[in-house]
Amino acid sequence: MADPIMESGPSLTAKGNLVFKETTRLRFFGIPWPFTHYQIYENDLVVIKGLLNLDEDDCYLYKIADVNIKRTLGQRIFGLSTITCFVASDASGDKIELKNIKHGKEIKDFLLSQSEACRLRRRTVATQNLSYHDGHNHMDEYPGMDHDVDLNHDGIPDDLQR
């Protein structure tokens, strides 16, 4: 079981304390491949890619909506995992992949719990888009319900926006 890295003392940055530090690894033999590094802080996920030219991508943990872990047969043999973080409204795209890393289960569990804690701390839980729009007006299926519901909070009742 992996022990997270916990720095002592107060947080000196907005990212918080460094909790996990991982390097992507070759799928076979689990040898560290030095071109992609992952740093997971209390409030931030940082992906650093490159050898001569470095590309650093940050994502606030409160933007992570869901986390998926995938372990192929080859990854299971060498103790590796690929974690996919589904991100809401981030310039880096709709998902971030942490490929071929060790301690995948612990990192996935940390990302899930810490992203929820960050959303609660920032009070952004209610701002997530949890609605599903398939073009069909589902309000017609509930004749006894109040049709003046405004799920997207734009000030116009949803039954008038067909």
Side-chain angles (χ1 to χ4, degrees), residues 1-51 54-134 138 149-154 158:
M1 181 153 156
D3 291 328
I5 301 169
M6 295 299 277
E7 296 176 351
S8 61
S11 172
L12 299 176
T13 65
K15 293 179 181 181
N17 295 323
L18 180 65
V19 180
F20 287 101
K21 188 174 185 179
E22 281 288 333
T23 301
T24 193
R25 298 170 183 271
L26 294 176
R27 182 172 296 173
F28 300 105
F29 308 116
I31 299 170
W33 190 246
F35 303 121
T36 305
H37 302 280
Y38 307 104
Q39 297 174 349
I40 302 171
Y41 294 88
E42 292 173 329
N43 301 319
D44 205 16
L45 169 64
V46 181
V47 179
I48 303 169
K49 294 181 181 180
L51 181 64
L54 294 179
D55 181 24
E56 187 172 318
D57 186 16
D58 291 25
C59 176
Y60 288 115
L61 290 185
Y62 78 91
K63 291 184 177 184
I64 296 176
D66 196 14
V67 180
N68 181 16
I69 188 168
K70 186 183 292 187
R71 299 181 74 198
T72 64
L73 178 62
Q75 287 177 322
R76 288 191 341 225
I77 290 171
F78 297 108
L80 303 176
S81 304
T82 297
I83 297 175
T84 304
C85 300
F86 296 96
V87 181
S89 69
D90 191 55
S92 59
D94 60 348
K95 63 182 177 179
I96 297 175
E97 284 193 336
L98 287 69
K99 295 182 181 180
N100 296 328
I101 60 171
K102 287 198 173 279
H103 316 298
K105 179 76 172 137
E106 292 89 359
I107 292 174
K108 178 186 98 56
D109 292 341
F110 174 79
L111 287 172
L112 274 175
S113 63
Q114 191 65 17
S115 65
E116 182 66 20
C118 287
R119 278 192 293 278
L120 290 172
R121 196 168 41 248
R122 294 176 70 103
R123 297 184 175 131
T124 58
V125 177
T127 62
Q128 288 184 346
N129 184 7
L130 301 176
S131 60
Y132 174 71
H133 297 286
D134 59 356
H138 296 280
V149 176
D150 184 19
L151 294 176
N152 59 0
H153 305 291
D154 63 354
D158 291 340

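Only this structure's heavy atoms are used, side chains among them; waters, hydrogens and symmetry mates stay out.
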| task | Start with the C-alpha gap between Gln114 and Glu42, add the side-chain angles, then the distance that decides, and say whether side-chain contact (heavy atoms from CB on, under 4.5 Å) holds. | result | CA-CA 7 Å; Gln114 191 65 17; Glu42 292 173 329; 4.1 Å; yes

| task | Step by step, work out the side-chain contact (heavy atoms from CB on, under 4.5 Å) result for Asp58 and Lys15. | result | CA-CA 10 Å; Asp58 291 25; Lys15 293 179 181 181; 3.3 Å; yes

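Judged as a side chain to side chain donor-acceptor pair (under 3.5 Å), and not counting sequence neighbours, the contacts of Ser81 are Arg71. Scanning for side chain to side chain donor-acceptor pair (under 3.5 Å) contacts around Arg121 gives Asn43, with sequence neighbours left out.
The distance from atom CD of Gln39 to atom CG of Leu45, rounded to the nearest 0.5 Å, is 9.5 Å. Residue Leu120 holds its CG atom at 9.5 Å from SG of Cys118, rounded to the nearest 0.5 Å. The CG atom of Leu112 sits 12.5 Å away from atom CD1 of Ile107, with the distance rounded to the nearest 0.5 Å. Here the CG atom belonging to Leu80 is positioned 5.5 Å from the CG atom belonging to Asn100, to the nearest 0.5 angstrom. Taken to the nearest 0.5 Å, the CD1 atom of Ile101 stands 10.0 Å off from the CD atom of Glu106. Of the inter-residue distances, the one linking His103 atom NE2 with Ile83 atom CD1 reads 11.0 Å to the nearest 0.5 angstrom.
Counting heavy atoms from C-beta outward, Tyr38 and Lys99 have side chains that approach closer than 4.5 Å. Counting only heavy atoms from C-beta outward, the side chains of Lys102 and Glu22 approach each other to under 4.5 Å.
When only modelled atom types and interatomic distance are considered, Thr82 and Gln75 share a side-chain donor-acceptor pair under 3.5 Å.
Nearest heavy-atom pair across Lys95 and Phe86 is CB-CD2, 4.2 Å. The shortest heavy-atom contact between Tyr41 and Phe110 is O-CE2, 4.0 Å. Pairing each heavy atom of Glu116 with each of Arg119, the nearest pair is OE1-NH2, 2.8 Å. Residues Asp44 and Cys59 approach most closely at OD1-O, 2.7 Å, considering heavy atoms.
When Thr84, Ile40, Thr36 are each tested for a side chain to side chain contact (heavy atoms under 4.5 Å, CB included) with Leu98, only one passes: Ile40.
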